[in-house]
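We use all heavy atoms of the structure for the numbers below, so side chains are in, but hydrogens, waters and symmetry mates are not.
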Amino acid sequence: MNLFQSESDRYTQEQLSAREAQRLAEYIAWGPVIFQVSRLMVKWGILDALRDSLEGLTLDELVKQTQLSKYALKVLLEASLSAGTVLVNKDTDRYTISKTGWFLLNDPATRVNIDFNHDVNYRGMFFLDEALKEGKPAGLKTLGDWPTIYEGLSKLDKQVQDSWFGFDHFYSDHSFDKALEVVFSKHPKHLMDVGGNTGRFALRCVEFDSEVYVTIVDLPGQIGMMKKNIEGKDGAERINGYSTNILDENNGLPQGNWDAIWMSQFLDCFSEEEIYSILVRAAKVMKRDSTLYIMETFWDRQKYEPASLCLTMTSVYFTVMANGNSKMYHSDDMIKQIERAGLKVVETHDGIGQGHTILEVKLK
């Protein structure tokens, strides 16, 4: 198994003492409780108050600042001491924020992940065992009655929808600047964006190059959301939509003079067999000089191991909430399907945005 150094160091040999391992085991056992306590420490402004105090705050001072009862604060603060997000001075009884608490409060990725896990995943994770055994998103019923979450995106409750798109856009948007440089180094005039969602990348494309035309391929509900999102914006007249259900292998991709095909955070939404089917259909509409750009967050190609943690846990979301059969892939697994579909990787760009990799793919 190929691993970047950050993953190899941690995943191939024991890191903890026996006492540390025992504590981590209990941390895992109480993980759902620790999550909810920590979420409320952020939501109710307790960590904010501690961060902004120079010498820390007493329980009485926190009561005044937060308007919470002493009981509520004692429960949360004492649990947070054990969780490691706050510290206490034994002599003054003043609480301060820890380094972990600071990251919990200030790291944008962590804040996005908290909202995503609470609003989208939390209740559904109860059905993980069922999802793994049946290969279906058994937890999705906590959000609505759809075969996969993608059919329901336009119908989700607003808070859930905001957290889902906040998660999706955070990881993709940070990659767009460098991704545009990669894609437009070859000056494409006709670009197909497969799984283009609300059209955010398409808008960036028509802004970046005044001559490019973009066709977004996605489900009918997403195409409707995309049209609403791009309405009245610069370059919108050069963006078209093509509605299809890509899960149906009888549905081909649109024919056209495609210079570039773009798939960003798209193939991870499918099983390996479905990825193969999609890539076969992409190959059918490619010319000899067409380039397929696949941008994914491969868990084995991360500079820092915490990113790998986020990605392997995101696989569990795909299992229980999204569709029951996809995941965040190891790059070797993706390349295997690319080659199987009669394509080849000609260049690899690592370090794109929040841990993305772009694979440049051509016909064999």
Side-chain angles (χ1 to χ4, degrees), residues 1-12 171-172 175-176 178-179 181-183 185-186 188 191-196 201 217 246-247 249 252-253 258-305 307-319 322-323 325-364:
M1 177 183 288
N2 293 318
L3 296 170
F4 272 20
Q5 193 62 51
S6 62
E7 292 85 31
S8 182
D9 290 343
R10 183 175 288 269
Y11 295 171
T12 59
Y171 288 99
S172 60
S175 64
F176 282 172
K178 197 167 181 180
E181 293 177 8
V182 172
V183 173
S185 66
K186 292 182 172 62
L191 183 148
M192 185 199 312
D193 182 356
V194 186
F201 185 71
V217 178
I246 203 74
L247 266 177
E249 61 183 23
L253 292 171
W258 304 116
D259 302 304
I261 300 175
W262 174 252
M263 297 181 182
S264 171
Q265 293 182 191
F266 174 69
L267 292 178
D268 57 40
C269 300
F270 302 93
S271 70
E272 291 188 46
E273 285 300 312
E274 289 166 345
I275 290 171
Y276 166 69
S277 172
I278 292 167
L279 292 174
V280 166
R281 282 175 274 167
K284 287 180 179 179
V285 300
M286 290 173 67
K287 307 173 297 178
R288 277 290 152 198
D289 57 351
S290 300
T291 304
L292 167 62
Y293 298 92
I294 297 173
M295 186 167 79
E296 290 289 346
T297 43
F298 298 115
W299 70 260
D300 62 299
R301 304 186 71 87
Q302 299 304 307
K303 185 176 181 181
Y304 301 110
E305 191 278 333
S308 299
L309 169 67
C310 293
L311 293 172
T312 55
M313 295 303 132
T314 301
S315 290
V316 185
Y317 146 76
F318 281 116
T319 300
N323 53 32
N325 63 2
S326 70
K327 64 193 291 292
M328 306 305 291
Y329 286 98
H330 189 291
S331 59
D332 288 353
D333 294 329
M334 186 66 69
I335 292 169
K336 179 181 177 182
Q337 300 309 322
I338 290 169
E339 293 177 346
R340 183 183 168 203
L343 300 162
K344 62 181 179 181
V345 177
V346 296
E347 194 164 352
T348 301
H349 306 268
D350 287 313
I352 307 288
Q354 292 282 334
H356 287 75
T357 295
I358 295 178
L359 303 177
E360 283 194 36
V361 178
K362 295 275 194 179
L363 291 170
K364 281 185 180 176

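Within the model, atoms CG of L191 and CG of D259 stand 8.5 Å from one another, a figure rounded to the nearest 0.5 Å. The CD1 atom of I294 sits 10.5 Å away from the CD atom of Q337 when rounded to the nearest 0.5 Å. D333 CG to M1 CE: the interatomic distance, rounded to the nearest 0.5 Å, is 8.0 Å. With rounding to the nearest 0.5 Å, the separation of CG in N323 from OG in S271 is 8.0 Å. Note that CD of Q354 and SG of C310 are 9.5 Å apart. Values are rounded to the nearest 0.5 Å. Between atom CG of residue L279 and atom CD1 of residue I261 there is a gap of 10.0 Å, rounded to the nearest 0.5 Å.
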> Taking it one step at a time, do R340 and E272 satisfy salt bridge (Lys or Arg N to Asp or Glu O under 4.0 Å)?
Replying inline: CA-CA 11 Å; R340 183 183 168 203; E272 291 188 46; over 6 Å; no
> Are M295 and H349 close enough, and set up right, to give a side chain to side chain contact (heavy atoms under 4.5 Å, CB included), and what steps lead you there?
Replying inline: CA-CA 9 Å; M295 186 167 79; H349 306 268; over 6 Å; no
>> Show, in sequence, the C-alpha distance, side-chain angles and deciding distance for W299 and L3, and conclude whether the side chain to side chain contact (heavy atoms under 4.5 Å, CB included) test is met.
In response: CA-CA 9 Å; W299 70 260; L3 296 170; 3.5 Å; yes
>> Let's go through D268 and S326 carefully: what are the C-alpha distance in whole Å and the side-chain angles of both, what is the deciding distance for side chain to side chain donor-acceptor pair (under 3.5 Å) to 0.1 Å, and is it a yes or a no?
In response: CA-CA 6 Å; D268 57 40; S326 70; over 6 Å; no
> Given E296 and L267, is the side chain to side chain contact (heavy atoms under 4.5 Å, CB included) satisfied, shown in steps?
Replying inline: CA-CA 8 Å; E296 290 289 346; L267 292 178; 3.7 Å; yes
>> side chain to side chain contact (heavy atoms under 4.5 Å, CB included) for T297 and Y171? Distances and angles first, verdict last.
In response: CA-CA 9 Å; T297 43; Y171 288 99; 5.5 Å; no
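Side-chain contact check for V182 versus E347: every heavy-atom pair is 4.5 Å or farther apart. Side-chain contact between E339 and K364 is present, with heavy atoms from C-beta onward closer than 4.5 Å. By the 4.5 Å heavy-atom criterion applied to side chains, Y293 and E360 are counted as neighbours. W258 is not listed as a side-chain neighbour of L253, based on a closest heavy-atom distance of 4.5 Å or more.
Around the NZ atom of K336, the shell of radius 6.0 Å holds no more than 12 heavy atoms that belong to other residues, nucleotides or ligands. Within a 6.0 Å radius of CD in E249, no more than 12 heavy atoms belonging to other residues, nucleotides or ligands are found. Heavy atoms of other residues, nucleotides or ligands lying less than 6.0 angstrom from OH of Y11 number more than 12. Residue K287 qualifies as enclosed at atom NZ: its count of foreign heavy atoms under 6.0 Å is above 12.
When atom types are taken as modelled, the side chain of S308 and the backbone of Q302 share no donor-acceptor pair closer than 3.5 angstrom. Within the 3.5 Å criterion, the main-chain N or O of D300 finds no donor-acceptor partner in the side chain of N2. In this structure, the side chain of S6 engages the main chain of K303 through a donor-acceptor pair within 3.5 Å. Remark: the backbone N or O of A260 is not paired with any side-chain donor or acceptor of T291 at under 3.5 angstrom. Put simply, the side chain of K327 never gets that close to the backbone of T319: no donor and acceptor are under 3.5 Å apart. Looking only at distances, no side-chain donor or acceptor of S8 sits under 3.5 Å from a matching main-chain atom of Q5.
In this structure, R301 and T348 approach most closely via the heavy-atom pair NH2-CG2, 3.9 Å. Across L311 and M328, no two heavy atoms sit closer than the pair O-CG, 3.1 Å. The minimum heavy-atom distance between G195 and F266, with the atom names listed, is CA-CD1, 3.6 Å. Shortest non-hydrogen contact noted between F270 and Y329 is O-OH, 2.5 Å.
Of the options E273, E274, R281, a side-chain hydrogen bond (donor to acceptor under 3.5 Å, both in side chains) to S277 is made by R281 and by none of the others. Tested against F298, the residues M334, H356, H330 include a single side chain to side chain contact (heavy atoms under 4.5 Å, CB included) partner, M334. Of the residues I338, L363, V361, V285, the one that meets the side chain to side chain contact (heavy atoms under 4.5 Å, CB included) test with L292 is V361.
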